[in-house]
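Everything below concerns the one structure shown next.
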Amino acid sequence: MAKTDMQQLRSDIYDIVEQIPRGRVLTYGDIARLAGYPRLSRQVGHLLSTVSPSLHLPCHRVVNAAGRLAPHWPEQQRLLEAEGVKVEPGKDGTARVRLKAYRWALSL
DNA sequence: ACATTGACCGGTT
DNA sequence: AAACCGGCCAATG
């Protein structure tokens with residue numbers, strides 16, 4: 001994967017995340033597939049971690065495939081709940097969302 | 001070059 | 001539901 005492709009992936013990610021409707025969520029894997037790089041879910045996560053808040057990108061609507069929220073970002077839960085996404089703590093205390101209910105419906 | 005590290009994924013216990 | 005496992009790949013030291 002060349003550096004230029006990473007730049008391309010970054011802008012594609014921005015486009016996709018920008019279109020996630022209020023109250024819905026997507027997974028890193030979903031975004032990687034939509035961008036055309038189905039095996040780069042980890043890179044998607046890393047790129048999103050370096051997004052400047054000034055872009056007003058709704059990256060709080062991105063969770064992992066288990067519905068778990070991003071580490072090192074406690075704020076995310078409050079942002080999701082503010083738009084009606086229910087976040088319930090599991091037995092171990094880790095917060096999760098029900099993908100079955102909130103995942104942005106896509107034809108994959 | 002080599003090893004380790006992640007905002008990860010899917011299948012199998 | 002959760003733990004475990006093997007795979008994944010750019011970035012980093």
Side-chain angles (χ1 to χ4, degrees):
Chain A
M1 173 79 47
K3 199 179 295 183
T4 55
D5 292 337
M6 280 294 101
Q7 292 294 323
Q8 183 65 53
L9 176 60
R10 189 193 49 163
S11 63
D12 288 344
I13 287 173
Y14 287 8
D15 287 341
I16 293 165
V17 172
E18 212 167 38
Q19 295 176 42
I20 307 177
R22 264 185 66 111
R24 305 314 267 315
V25 300
L26 274 189
T27 73
Y28 300 100
D30 287 339
I31 293 172
R33 284 191 291 272
L34 288 170
Y37 297 94
R39 303 177 240 175
L40 297 191
S41 48
R42 303 193 84 127
Q43 277 56 267
V44 171
H46 182 256
L47 287 172
L48 284 184
S49 77
T50 67
V51 166
S52 163
S54 62
L55 296 178
H56 303 117
L57 214 58
C59 44
H60 60 279
R61 299 184 186 136
V62 183
V63 301
N64 72 16
R68 251 193 285 272
L69 278 51
H72 316 307
W73 192 24
E75 187 82 355
Q76 185 177 17
Q77 175 169 354
R78 190 183 61 74
L79 291 169
L80 285 172
E81 285 172 339
E83 50 186 68
V85 176
K86 194 198 269 185
V87 181
E88 2 187 26
K91 172 134 194 192
D92 55 1
T94 63
R96 325 192 24 180
V97 310
R98 299 191 190 186
L99 290 179
K100 199 78 191 300
Y102 298 111
R103 192 185 208 171
W104 191 22
L106 298 165
S107 43
L108 299 174

Derivation and outcome, side chain to side chain contact (heavy atoms under 4.5 Å, CB included), residues A:Arg33 and A:Asp30: CA-CA 5 Å; A:Arg33 284 191 291 272; A:Asp30 287 339; 2.8 Å; yes
Expressed in angstrom and rounded to an integer, what is the separation of A:Lys100 atom NZ from C:dA1 atom P? 12 Å
I need the CG-P distance between A:Leu48 and C:dA11, as an integer number of Å. 14 Å
Please report, rounded to the nearest Å, how far the C1' atom of C:dT12 is from the CE atom of A:Met6. 15 Å
Compare the minimum distances between each of B:dA7, C:dC8, B:dG6 and the side chain of A:Arg39, then state the nucleotide with the smallest one. C:dC8
B:dG6 and C:dC8, which share atom name C1', separated by this distance in whole Å: 12 Å
A:Leu99 has an atom CG; how far is it from atom P of B:dC8, in whole Å? 13 Å
Side chain to side chain contact (heavy atoms under 4.5 Å, CB included) evaluation trace for A:Tyr102 with A:Arg61: CA-CA 10 Å; A:Tyr102 298 111; A:Arg61 299 184 186 136; over 6 Å; no
Begin with the C-alpha distance, continue with both residues' side-chain angles, and end with the deciding distance and a verdict on side chain to side chain contact (heavy atoms under 4.5 Å, CB included) for A:Tyr28 and A:Leu48. CA-CA 10 Å; A:Tyr28 300 100; A:Leu48 284 184; 4.1 Å; yes
Expressed as a whole number of Å, how far does the C1' atom of B:dA1 sit from that of C:dG13? 12 Å
Taken to the nearest whole Å, CG/A:Leu47 to P/C:dC9 is 15 Å
Could A:Arg78 and A:Glu81 be called an ion pair, given the rule that one side-chain N must be under 4.0 Å from one carboxylate O? no
Whole-Å distance, A:Arg68 CZ to B:dG6 C1', equals 15 Å
To the nearest angstrom, the CG-C1' distance between A:Leu26 and B:dC8 comes to 15 Å
Comparing nearest nucleotides in DNA chain C, the 5'-proximal residue of the pair A:His46, A:Arg42 is A:Arg42
Using nucleotides 9-13 of chain B, report all nitrogen or oxygen pairs with the protein that are shorter than 3.5 Å.
unit_1: B:dC9; atom_1: OP1; unit_2: A:Gly29; atom_2: N; d: 2.9
unit_1: B:dC9; atom_1: OP2; unit_2: A:Ala65; atom_2: N; d: 2.6
unit_1: B:dG10; atom_1: OP1; unit_2: A:Arg33; atom_2: NH1; d: 3.2

Just how far, in rounded Å, is P of C:dC9 from CG of A:Leu40? 7 Å
Let me know which of A:Val25, A:Leu79, A:Val63 forms a side-chain contact (heavy atoms from CB on, under 4.5 Å) with A:Leu69. A:Val63
NE2 of A:His60 to CD of A:Glu75, rounded to nearest 0.5 Å, is 10.0 Å
Is any side-chain heavy atom of A:Arg10 closer than 4.5 Å to one of A:Ile13? no
